[in-house]
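To start, the structure under review is shown below, and the notes come after it.
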Amino acid sequence: MQKQNKALIRTAVIVLLLILLAIYLRFIGNAGTLPTFAGLVRSFIYIGLFGAWGVSVWRRIVQKQIRRYLLAASVLIVFWLTIRTIKFHLGMNFNVNRQLWYAYYIPMLFIPLMALFVALSLGKAENYHLPRWTAALYIPTAILVLLVLTNDSHQLVFTFPPGTDIWTDKSYTYNTGYWFVICWEALCAAAAIIIMLFKCRIPQSRRVLWLPLVPFGVSLLYGLMYIAGVPWLMTLAGDVTVMQCLLYTAVFESCIQCGFIQSNTGYDLLFPVSTISAQIVDKNYNVVYSSFSVSKLPKPVLRQTETGTVALDRNTLLKGNAIRAGFVVWQEDVTELADAIDELKANQEQIKHANDVERENYNTKRLISQLREKNRLYDLLQQQTAKQNALLNGVLEAYCQTVEESERKKLLAKAAVFGAYIKRRGNLVFLGEQNKLLPAAELSLCLNESMQNLELMGVICELTLKLEGMIAIDTATRIYDMFQSVVEAALEGLTGIWVHVSERTGDVIAHIEAVSPANLSAIDLYGIKAVREDDGTWSLTLRLPKGGELE
């Protein structure tokens, strides 16, 4: 704090001494002592002061928009003083001097406008931009500047005596355009002052930051005294242009000093009270600025941040980044993050255990479901083949009780017929659970296997199956059931059986002929009637929709 105050006081003393020197040069120049030399030196002093202030603004101001406006004001002031110096001290002709005089109004019109833009931007964020409508304020300013610069062609701003060959700023009168120029300057300046007054009031308080208002008050007082022609004022500060430029600059600088305009100075005040644990170090990691909350660390530890983040302990990370002429190093408290990670790990373990239990429960339920499904299918198969199972058990009991070998072979062949049906019927049941269609070849396999076992009993069998593609599972099941019903009814005296399956107009026609002395008229499956032909052959026909054929 003391270091910053000393630098500020030193700068203020130097500026004040240079201004006093410029006033002294004006005094001796007006007294006739080296007027040209004194005037040039005085101009160079002011040009140097305002130029240096513009450079400092560019380096200090954070808000980009305000920085551009203040720099523009500085350039306009330097431009104004430069053309004044050329006009009064470099001996140009009357026409050039008149044009230089007209050019005064470029900064005179644009500096108040820049002040208005700065006032509108005060207190805004670093990347704030003025609304687009404010750009329209350039239009009347530019029109008035052009009106002054072209005065020779219309004399709407300054009127020169008629018949005068040489027009100078010594003999003229004001015309209507001049008052437009003055009103616009006053309007912009007044708007800037009013906006500044409102923004100088601290929110939620009656307090006002008076520092920016002091130069305004001095400017108003100076204007009144200048109009009144106070003698001592005219002697010491009679250069109204320089005084107004100084007071404008004082207003801007006071806004910077009281914090209205954000600047990147005061690091030695910022870091001690900063809420972050940070340090600014030089290239050799010597600490330049440090906050009160930072833990002191040796240089080797600070250097490790060049390669990445350093974990000081479970709850603290050390990070760094390169800046101009050194590094910024900060300590980051990650206690909440570490606690959150620990909690996540605990939750992960808990979820993993819960998932394992859930997985076991799921596997158990799936196994139970599979067993239930198998039991259901077995029950369904048992239900649909109950008659054949009973016949098979009877044949097997007879086999066990029979001693004669030839009879035992017949019983085994009969058992094979029932077993083949039970097996193939079960296949149809399982296939029907997966799909409602099956290849026609599956029906052929069922009938062929049953016929092969019938041939063990000496039965002559023949199968003709003219089907292709897919058929409905229910159609195949009914044809196979009809075949088994015929076999069971005619088995004792069955000598031959012929099965013909074909397709006609989208339907499946199953025709069975059996040669047996048994009476097959009792067969009443699916509404089919067994018809005995003249030659003693039993004939049965079943017509069913093929259904579900795939192309």
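All values below come from the heavy atoms of this structure, side chains included, with hydrogens, waters and symmetry mates left out. For reference, positions follow the sequence shown, starting with 1. Keep in mind it's a predicted model, so treat the numbers as computed, not measured.
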Item checked: Value rounded to 0.5 Å, distance of CE in Met114 from CG in Leu109 -> 11.0 Å
Note to self: Tell me which pairs pass side chain to side chain donor-acceptor pair (under 3.5 Å) where either residue lies in residues 132-145, with sequence neighbours left out.
What the structure shows: Thr141-Trp184
Note to self: Before you tell me yes or no, could you show the steps for Leu49 and Ile19 under side chain to side chain contact (heavy atoms under 4.5 Å, CB included), namely the whole-Å CA-CA distance, both residues' side-chain angles and the distance that decides it to 0.1 Å?
What the structure shows: CA-CA 9 Å; Leu49 285 175; Ile19 292 175; 4.0 Å; yes
Notebook entry, point to check: Rounded to the nearest 0.5 Å, how far does OG1 of Thr159 lie from CG of Asn175?
Noted result: 4.0 Å
Checklist line | From OG1 (Thr249) to CG (Leu70), nearest 0.5 Å | finding: 9.5 Å
Note to self: Whether the side chain of Arg60 engages the backbone of Ser56 through a donor-acceptor N/O pair (distance < 3.5 Å, no angle test) should be reported.
What the structure shows: yes
Next item on the list: Flag the pair Ile182 / Glu185 as yes when at least one side-chain heavy-atom distance between them is below 4.5 Å, and no otherwise.
Entry: yes
Next item on the list: Please round to the nearest 0.5 Å and tell me the distance separating atom OG1 of Thr176 and atom CG of Leu156.
Entry: 7.5 Å
Margin query: Closer than 3.5 angstrom, by distance alone: can the side chain of Asn151 be matched with the main-chain N or O of Val157 as a donor-acceptor pair?
Written below: yes
Next item on the list: Enter the distance from Phe110:CZ to Tyr69:OH here, rounded to the nearest 0.5 Å.
Entry: 12.5 Å
Note to self: Using 30° and 60° as the class boundaries, would you call the ring planes of Tyr172 and Trp101 parallel, tilted or perpendicular?
What the structure shows: tilted
Margin query: Is any side-chain heavy atom of Leu144 closer than 4.5 Å to one of Tyr178?
Written below: no
Item checked: Short side-chain to backbone donor-acceptor contact, Asp282 and Gly326, under 3.5 Å -> no
Checklist line | Within-4.5 Å side-chain heavy-atom neighbours: Leu437 and Ile471 | finding: no
Item checked: Heavy-atom side-chain contact between Leu25 and Ile45 under 4.5 Å -> yes
Margin query: Please find the pair of heavy atoms, one from Ala189 and one from Pro112, that lie closest to each other, and give the distance.
Written below: N-CB, 4.2 Å
Notebook entry, point to check: Is there side-chain contact between Trp80 and Val75, with at least one heavy-atom pair below 4.5 Å?
Noted result: no
Check: Between Phe252 and Tyr248, how do the two ring planes meet: parallel, tilted or perpendicular, split at 30° and 60°?
Finding: parallel
Margin query: What's the separation between atom CG in Leu40 and atom OG1 in Thr85, rounded to the nearest 0.5 Å?
Written below: 7.0 Å
Margin query: Restricting to non-hydrogen atoms, name the atom on Ile61 and the atom on Arg67 that form the minimum distance, rounded to 0.1 Å.
Written below: O-NH1, 3.2 Å
Checklist line | Backbone of Leu130 reached by a side-chain donor or acceptor of Gln65 within 3.5 Å | finding: yes
Note to self: I need the minimum non-hydrogen distance between Pro215 and Leu247, along with the two atoms involved.
What the structure shows: CB-O, 3.9 Å
Checklist line | Check against salt bridge (Lys or Arg N to Asp or Glu O under 4.0 Å), Lys352 and Glu358 | finding: CA-CA 10 Å; Lys352 181 180 179 182; Glu358 188 67 24; over 6 Å; no
Check: Hey, does the side chain of Ser74 reach the backbone of Phe50 with a donor-acceptor pair shorter than 3.5 angstrom?
Finding: yes
Notebook entry, point to check: For Arg303 and Asn284, which heavy atoms make the closest approach, and how far apart are they?
Noted result: NH2-O, 3.6 Å
Next item on the list: Applying ring pair (Phe, Tyr, Trp, His ring centres under 6.0 Å), run through Phe158 and Tyr105 and close with a yes or a no.
Entry: CA-CA 12 Å; Phe158 304 108; Tyr105 286 85; 5.7 Å; yes
Notebook entry, point to check: Counting N and O atoms only, with roles assigned by atom type, does the side chain of His154 sit under 3.5 Å from a partner on the main chain of Leu147, one being a donor and the other an acceptor?
Noted result: yes
Check: Any side-chain heavy-atom pair from Leu318 and Gln304 closer than 4.5 angstrom?
Finding: no
Notebook entry, point to check: What pair of heavy atoms forms the shortest contact from Leu81 to Ile47, and how long is it?
Noted result: CB-CG1, 3.7 Å
Item checked: Heavy-atom pair of closest approach, residues Val251 and Ser254 -> O-OG, 2.7 Å
Next item on the list: If the plane angle is over 60° it's perpendicular, under 30° parallel, otherwise tilted; pick one for Phe327 and Tyr285.
Entry: parallel
Next item on the list: Would you check if Lys345 and Glu349 make a side-chain contact, meaning some heavy-atom pair closer than 4.5 Å?
Entry: no
Notebook entry, point to check: Hey, are the side chains of Arg84 and Lys87 touching, using non-hydrogen atoms and a 4.5 Å cut-off?
Noted result: no
Next item on the list: Check side-chain contact (heavy atoms from CB on, under 4.5 Å) between Asp152 and all other residues, then give those that pass, not counting sequence neighbours.
Entry: Arg98, Gln99, Tyr102, Trp167
